[in-house]
Amino acid sequence: MSYAIQAEGLVKRYGNMVALDGVDLEVPVGKVIGVLGPNGAGKTTTVRILATLMRPDGGRATVGGYDVMKDPVRVRGLIGLTGQYASVDESLSGRENLVLLGRLLDMSKRNAKARAVELLERFELVDAADRPISTFSGGMRRRLDLAASLVGRPQVLYLDEPTTGLDPHARNEVWEVVRRLVADGTTVLLTTQYLEEADQLADRITVFDHGRVVAEGKPGELKRRVGGQTLQVRPTLASDLDEVGRILAELTGAAPARDLNTGLLTVPVADPMLVSALVRRLDGAGVAVDELGLRLPSLDEVFLALTGRPAEESKRNTQQNPIAERNVA
Amino acid sequence: MTTTTIAPAVISGTQPSPLRIGPAKAVRHGLALAGRGIVKIGKSPAQLIDVILTPIVFLLMFVYLFGGAIAGGDVAGYLQTITPGIMVMTVFQASIGIGVSLNADASTGVFDRFRSMPIARSAPLVGAVLADLVRYVVCLAVLLTLATVMGYRVQTNPAAALAAIALLIAFGMSFSWISVYVGMLMKTPGSVQGLMTVLVIPLTFASNVFVPSQTMPGWLRVWSDINPVSLMSDALRGLLNGGEVAGPLFGSLVWMAGVVVVFFPLAMRAYRRNAA
Ligand SMILES: Nc1ncnc2c1ncn2[C@@H]1O[C@H](COP(=O)(O)OP(=O)(O)OP(=O)(O)O)[C@@H](O)[C@H]1O
Ligand SMILES: [Mg+2]
């Protein structure tokens, strides 16, 4: 397997403060890695080192096989960067920004203009192309930022919190763009505080906390590592709660947790085959349920289990993954 | 993995020597970024207000307010002497603005983007210095127009006058590297402005722009005679009004070269640090 990015033992200090404390990272060519972590975990610092904007105090990193410290110019020729904060020139128009970047990448005037038009079309910015960027919405700015980092057709793209502050619609647009880039073979390193985002886009997730990697794996693996599955049942009638609770306790040998607000009973299960047994028992007892499902722990719970505190800013992931029947009986 | 276009270096086992940006490319990148700077000035011409007002204020103030006292009534003759000096002084003033604006610029994501691209490291700074050409031209156009209205006349020939202007612009660009350095060093635009103002005063006022060095006490005279503003003013007087050129011109060129040799690398180093 060949790696687009390899980092070993990256250390970065700001004075006494240790921002990175030995970070290892490996990203295979053509994959998306999600770097997940709360504020101050060291995500931006890692991206800046890999983008040659900053030298680490320890460790080494290569991008496309080139050492970020020894051969930064070659690394820069491979990468595109969309930083956490806007990285386009506010006083120029979108088109002017893109043409300038093309010129800096040694395109002819004609090619730079053509590339700008191509990107403006792709990011649906044609109508706003010649307007000052100060009139852009947050989503438009982010799209222009992305377009700007793609002018040189980078093989490795860094996206530092690309959707922070965007509404769900704009966020979906950015996700779509990332998916298309990956389909074209681009390697993407994406940092995010949104668990849902990493889950949606990333092939692998690396969880950072306090400058260290605290977990690494496929989204599903991480979820499994944190704990087993949970069985959830919501009886249609609140009066059936006791009866269903008894059945669950009998089947699993553990007392289910009850949420009186939602009328949901939750119990950990070791054997997924219990679901069919449960359905038969409920049938036999004549109890109707609104919801019945097995779910893996959400990434929020993964985060809590790995770092000892909840992921900041992430909205509670209320969506479940019902892998058994819903609305039975 | 199937097809990969990257990771060529690891396969051979030997790393190629690091890629460097050649001087020709560096110049091209610098010019592209200078173009950006000029477009930006065109979009908000209010940035030019200082280089429009400074020459007007200086010329009117020194000629009409102090001219009588300093020159003993020969205002026309004083205008002839002082105009080249005020040209130097205003261009010098104009050249310190760059540190302030670069200080604000360099902390934005735009400069991060430049730094993450395969372009010459110096290009954003060189581009900004070159874009200041517009400011110098505006400054000198305003100054020379007003001086002409007030009665100033070039005594030599157009070729010498053009040479004078080109020399002066090169002078401004050379000395602006001090401001670029300070701009990369300081935390805020305000502190850049403050430090540069303090630095500029002994250079502009302790010079022969307004009064001849001969009238000064010994120690000040020594400084005034080697002050780059004095030397440049003398060179311009020679080129515009007639008189000796070679000596002061040589002195000015030595200063310009010295400032660039010292402050360009310092500015570049501070710029690199600034990123980390
Ligand atoms: N220039 C700096 N000077 C001092 N400390 C810094 C600097 N930049 C970052 N830090 C510190 O280093 C740590 C890691 O910062 P970093 O920006 O990499 O975190 P992050 O994961 O990107 O956080 P966020 O989600 O807030 O963007 C933080 O504690 C931060 O305060
Ligand atoms: Mg960050």
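Just so it is clear: chains get the letters A, B, ... in the order the sequence lines come, proteins before strands, and each one is counted from 1.
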Of the backbone (N, CA, C, O) and the side chain (C-beta and beyond), which part of B:Phe114 lies under 4.5 Å from a heavy atom of chain A, both, or neither?
-> side chain
Per-residue contact mode, A:Ile49 against chain B (heavy atom under 4.5 angstrom) | neither
A:Asp160 and A:Arg48 ion-paired at < 4.0 Å = no
Side-chain heavy atoms of A:Thr164 within contact of A:Tyr194, under 4.5 Å = yes
Could you grab the distance from atom OG of B:Ser95 to atom CZ of B:Phe171, nearest 0.5 Å is fine?
-> 8.0 Å
Can you check side chain to side chain contact (heavy atoms under 4.5 Å, CB included) on A:Arg142 and A:Val177, steps first, answer last?
-> CA-CA 11 Å; A:Arg142 219 52 194 148; A:Val177 170; over 6 Å; no
Which one, A:Arg74, A:Arg103, A:Glu90, A:Gln84, leads in non-hydrogen pairs under 4.5 Å with chain B?
-> A:Arg74
Would you check if B:Tyr271 and B:Pro124 make a side-chain contact, meaning some heavy-atom pair closer than 4.5 Å?
-> yes
Do you know which of A:Val75, A:Thr45, A:Asp89 has the most heavy-atom pairs with chain B at a distance under 4.5 angstrom?
-> A:Asp89
Return the minimal non-hydrogen interatomic distance between B:Val137 and B:Ile169, and the atom names on each side.
-> CG2-CD1, 4.1 Å
Top contributor to chain B contacts, counting heavy-atom pairs under 4.5 Å, from A:Ser149, A:Gly185, A:Gly152, A:Ala51 | A:Ser149
Pairs of heavy atoms under 4.5 Å with chain B: top-ranked of A:Pro72, A:Ser91, A:Gly83 | A:Ser91
Give a yes or no answer on whether the side chain of A:Arg76 reaches the backbone of B:Arg115 with a donor-acceptor pair at less than 3.5 Å.
-> yes
With a 4.5 angstrom heavy-atom cut-off, could you sort out which part of A:Asp106 is near chain B: side chain, backbone, both or neither?
-> both
Of the backbone (N, CA, C, O) and the side chain (C-beta and beyond), which part of A:Leu104 lies under 4.5 Å from a heavy atom of chain B, both, or neither?
-> both
Given B:Gly109, B:Ser44, B:Ala32, B:Pro118, the one with more heavy-atom pairs under 4.5 angstrom with chain A than any other is B:Pro118
